[in-house]
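Read the structure below first, then the notes.
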Amino acid sequence: MPIGRYDDFFTLGGHSLKAMQVANRVEEQLNIHISLRDLFTHVQVASLAAYLESQVSNELPLIEKVEPQAFDPLSSAQKRLDLIQNMQSSATITYNMPLYLAY
């Protein structure tokens, strides 16, 4: 049975547990939190889609400026590489990445 844009969720057999599943999947897939009240208010697919579209924010979060520091903290990967390098007895070129640039 094909489902149309204007079909009612509850007429198709939806209930509160199915509504919870829909809310969870919307949050997982679209990263939009939707309450059960919103699902009970927007029972048609077209209405729910319009509501979800209105909830999407097109604004990007501002990146805060960080004050200059003498040294930035190392990442976990950088700490691991430093540990491996210090454990080896002599200087090696294990993690060197040769690169050829042609002009």
Side-chain angles (χ1 to χ4, degrees):
M1 173 180 176
I3 297 174
R5 296 171 33 149
Y6 300 107
D7 287 336
D8 188 289
F9 175 73
F10 298 103
T11 304
L12 295 171
H15 47 76
S16 59
L17 294 177
K18 291 279 186 189
M20 284 293 296
Q21 289 178 342
V22 170
N24 286 335
R25 287 191 182 169
V26 165
E27 190 156 359
E28 286 175 1
Q29 298 291 322
L30 303 176
N31 201 21
I32 300 172
H33 177 73
I34 184 169
S35 68
L36 281 179
R37 177 174 291 189
D38 296 329
L39 282 172
F40 282 93
T41 304
H42 307 284
V43 293
Q44 294 179 344
V45 175
S47 173
L48 181 60
Y51 174 74
L52 291 175
E53 197 169 75
S54 72
Q55 297 302 306
V56 175
S57 174
N58 292 331
E59 294 181 20
L60 297 174
L62 294 175
I63 299 174
E64 295 182 23
K65 184 177 179 179
V66 177
E67 295 299 322
Q69 300 176 5
F71 296 99
D72 289 323
L74 295 177
S75 69
S76 296
Q78 290 170 324
K79 290 177 185 177
R80 191 169 42 251
L81 285 174
D82 185 53
L83 176 67
I84 291 169
Q85 183 70 32
N86 289 334
M87 286 175 55
Q88 295 176 346
S89 59
S90 62
T92 65
I93 59 168
T94 305
Y95 293 103
N96 286 0
M97 297 178 65
L99 179 66
Y100 172 74
L101 297 174
Y103 291 99

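We number each residue from 1, following the sequence as shown.
The heavy-atom pair separating Ile32 from Gln55 by the smallest distance is CG2-CB, 3.9 Å. When every heavy atom of Leu36 is checked against every heavy atom of Met20, the shortest pair comes out as CD1-SD, 3.4 Å. Closest of all the heavy-atom pairs between Gln44 and Tyr6 is NE2-O, 3.4 Å. Minimum heavy-atom separation, Pro73 to Gln78: O-OE1, 4.4 Å.
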Quiz item: Given Asp38 and Ser35, is the side chain to side chain donor-acceptor pair (under 3.5 Å) satisfied, shown in steps?
Solution: CA-CA 5 Å; Asp38 296 329; Ser35 68; 3.0 Å; yes
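Here Leu81 contributes atom CG and Ser75 contributes atom OG; the two are 8.0 Å apart, rounded to the nearest 0.5 Å. With rounding to the nearest 0.5 Å, the separation of CZ in Arg80 from OG in Ser76 is 6.5 Å. Put simply, CG on Leu52 and OG on Ser47 are 9.5 Å apart, with the number rounded to the nearest 0.5 Å.
Note on Val45: it does not cluster hydrophobically with Phe40, by side-chain heavy-atom contacts below 4.5 Å among ILVMFWY residues.
At a threshold of 4.5 Å between non-hydrogen side-chain atoms, the residues Val26 and Asn31 do not count as touching. The closest side-chain heavy-atom distance from Phe9 to Lys18 is below 4.5 Å. In this structure the side chain of Tyr51 reaches within 4.5 angstrom of the side chain of Ile34, judged on heavy atoms.
A 6.0 Å sphere centred on NE2 of His33 holds no more than 12 heavy atoms belonging to other residues, nucleotides or ligands. Few gaps surround CD on Gln69; more than 12 heavy atoms of other groups in view lie less than 6.0 Å from it.
Here the options are Leu48, Asp8, Thr11, Leu12, the test is side chain to side chain contact (heavy atoms under 4.5 Å, CB included), and the partner is Val43; only Asp8 passes.
No donor-acceptor pair under 3.5 Å is formed between the side chain of Asn24 and the backbone N or O of Gln21. Between the side chain of Asn86 and the backbone N or O of Asp82, at least one donor-acceptor pair lies under 3.5 Å.
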